[in-house]
Each structure stands twice: as C-alpha cells, then as structure tokens.
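Below is one structure, written out as structure tokens; comments come after it.
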Amino acid sequence: MASNVNPTVRRRRLGQELRRLRELKGMTAEEVAERLLVSQSKISRLENGRRSISQRDVRDLCGVYEVEDQRVVDSLMEMARDSRQQGWWHAFGDIPYSVYIGLETDAESLRVYEPQLVTGLLQTRAYAEALVRGALPETSTADIDKRVQVRMRRQERITAETNPLRLWVVLDEAALRRVVGSKLVMREQLEHLIEMSQLPHVTVQVLPFEVGAHPGLNGQYAILEFVDAADSSVVYLEGVTSDLYLEKAHDVQKYAVMYEHLRAQSLNVDQSRQYISDVAKEYARS
C-alpha cells in the first residue's frame, strides 16, 4: 500500500477531517492554537494540507476535540503516517511546486488556461529545456535538467494506458507565436501539440488575438478535479516565489465559469488543430 500512497492527497484528506472535527466541537483555529500553545497559522496549514502532519499532531488535536472513538483516532493516525511518505517527485530533490505535482498526480481531470506558453503536460523536451533556461537564467544546468525530467515524468499521466488524466487546455494565440528556443523547436512543439490533441482524453482550443478582451486576461490558472468526493476541486495559481491554491466552493465556481467563457470564445477543436497546423507551417517556411 505504501508504494502508491499519494502523500499530498493524504494530507488534504486528513486536514479536511481535522477541520470537520474542530467545527463539530464549535472551536475556532485560534482557540485550538491557544490550547496547544502553537500558532494559529500552524493549525490553518495542518487543515489545508500544506504542512506535513505528524502522529503527535493528530493525537493532540484528537485530545482537544475529545474524540472518543479509538477507531477514528487510529484511522487518522494511519493517514498521518502515510502523509509523511514521499511521492515519486521527491527523488528529484527540492521541487518548488511539489504540492501541485502531488495534486496533479491524483487528479481525474485538469482544465488549464495558458496565456503565454504551451502547458507543461504537452511540452516537448526541447521546448521545456529552452523555456526553463530562458525563464530562469541563473539556474544551473543540473537544475534545468532536473526540472525537465520532472516535467517529462508528469506527462506519463497523459499517456497512461489506464485512467489517463483528462486534460482540457485553452491556449492563447501568444503561446503559439512566442518563439521559445528556435523556430525549429516551435515547429516540432506545435506538431507535437497536434498529435497529443488527437488523444480522446485531451482537448486543445486556441484563443485567437482577434477575440480581444476576455476573462483570462488576469493570467494562467488550472482547475483540478478528483474522483473521490471527499477531495474538493482546487484552483491553482502559479506565482514567482509562492503559489496559491483555492478550494472554497465559490472561488472554484467563479474560475469554472470563467473557463466556460474562455472555451466559448475559443476556436473549436477542429479549427484549433488547423490553426496550430498553419502556424507550424509558418515556422517551417521561415
């Protein structure tokens, strides 16, 4: 069992259960923190799954919440133990967006809006290398290679024979026009994009410049959804030094509605595939 446990997802589920127990007790995070002589931010991080949860944390919280059913305590303790195991991505060392990778690894579907770049799950190795090198000019060759390896490993969710990730991507035209690496790299990238878009579980739409102003002008975002009803959907917003994860239902709904508008304003699937092909031919001629 330990080999296929996703620690990120276990932390989320455990955090949700601890929040539920606190709310049943009618206590605020501040009151719990005061009882345990810890910071309120620690309680919040434990509940949102952003911090590793020890079995001691679980024991102390169950004591505060007066959980009498030992089976519940044992189950939470087991989840805490599993949540401290390492996912496949930990073999690559410190990855700044490891929380996101953990969520993506367990997600059933992913909706992405990309205003500037081809989304990571559909990138070729050459495009990914050029992108990382250009975006992080002070990064060492070893770190660039590590980031690219992780990106290629993530793509296994798309090509998996069983339960592949259902991916829907809306790409702004800028992602096709921005030359990353070279025109040859771009042509190969766009040809790869066309090939991947033909998979039954992958949908790619292009949002052309002529649309003008649209709901995605504030930037890139992704919506992750999960099979287990206990795992709420998550909106992921990538930052330079830190990332933002939105899980409240009204926040997720707002971004989901925005995504429907983006899909409606984009070229349809066949038109998008033809448009990408036309741009790829432009790179081939130049």
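We number each residue from 1, following the sequence as shown.
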message: Nearest 0.5 Å, please: how far is CG in D106 from CZ in F226?
response: 6.5 Å
message: Using side-chain contact (heavy atoms from CB on, under 4.5 Å), reason through W168 and R263 one step at a time and then give a plain yes or no.
response: CA-CA 10 Å; W168 198 306; R263 286 171 51 181; 3.0 Å; yes
task: Kindly give the heavy-atom pair with the smallest separation between Q220 and V112, and that separation in Å.
output: NE2-CG1, 4.4 Å
statement: Closest non-hydrogen contact found for G181 with A130 is CA-CB, 3.5 Å
query: Between D270 and Q274, is any side-chain donor less than 3.5 angstrom from a side-chain acceptor?
result: no
message: Quick one, L171 and L207 - any side-chain contact, counting heavy atoms below 4.5 Å?
response: no
No-hydrogen, no-angle side-chain donor-acceptor test under 3.5 Å, R45 and S41: yes
- request: Evaluate the side-chain contact (heavy atoms from CB on, under 4.5 Å) criterion for residues R35 and M27: first the C-alpha distance (whole Å), next the side-chain angles of each, then the deciding distance (0.1 Å), finally the verdict.
  value: CA-CA 11 Å; R35 285 279 299 275; M27 299 180 70; 4.2 Å; yes
task: Work out which heavy atom in R154 is nearest to a heavy atom in L121; give both atom names and the distance.
output: O-CD2, 3.6 Å
- prompt: Got a salt bridge between D57 and K42, using NZ or NE/NH1/NH2 to carboxylate O under 4.0 Å?
  reply: yes
field: Atom of L246, atom of V252 and distance for their closest heavy-atom approach
entry: O-CG2, 3.8 Å
task: Might you point out which heavy atoms bring V227 and E108 nearest each other, and give the distance in Å?
output: CG2-CB, 3.6 Å
message: Taking the six-membered ring for Trp, are Y236 and Y221 closer than 6.0 Å centroid to centroid?
response: no
- prompt: Could you walk me through whether E23 and R20 pass the salt bridge (charged side-chain N to carboxylate O under 4.0 Å, His left out) check?
  reply: CA-CA 5 Å; E23 292 174 346; R20 187 186 69 83; over 6 Å; no
Donor + acceptor pair across side chains of S272, Q205 (<3.5 Å): no
query: Please walk me through it: do I53 and L18 pass side-chain contact (heavy atoms from CB on, under 4.5 Å)?
result: CA-CA 11 Å; I53 305 178; L18 291 173; 4.2 Å; yes
task: Could you grab the distance from atom CG of L131 to atom OG1 of T124, nearest 0.5 Å is fine?
output: 10.0 Å
- prompt: Do other residues, nucleotides or ligands put more than 12 heavy atoms under 6.0 Å from the CG atom of D69?
  reply: yes
Residues R187, E282; criterion salt bridge (charged side-chain N to carboxylate O under 4.0 Å, His left out); working and verdict: CA-CA 8 Å; R187 183 181 58 130; E282 292 178 21; over 6 Å; no
- prompt: Is the number of heavy atoms from other residues, nucleotides or ligands under 6.0 Å of E30 CD greater than 12?
  reply: no
Whether over 12 other heavy atoms sit under 6.0 Å from E68 CD: no
query: Taking all atoms of both residues into account, what is the closest heavy-atom pair of V64 and K25, and its distance?
result: O-CE, 4.1 Å
- request: For side-chain contact (heavy atoms from CB on, under 4.5 Å), just list the numbers for L193 and V169, CA-CA rounded to whole Å, side-chain angles, deciding distance to a tenth of an Å, and then say yes or no.
  value: CA-CA 11 Å; L193 196 57; V169 180; over 6 Å; no
field: Intermediate values then yes/no, side-chain hydrogen bond (donor to acceptor under 3.5 Å, both in side chains), Y275 and E173
entry: CA-CA 9 Å; Y275 196 91; E173 182 179 344; 2.8 Å; yes
- request: Answer yes or no: is there a side-chain heavy-atom contact under 4.5 Å between M77 and C62?
  value: no
- prompt: Do D172 and Q116 come close enough that some side-chain heavy atom pair is under 4.5 Å?
  reply: no
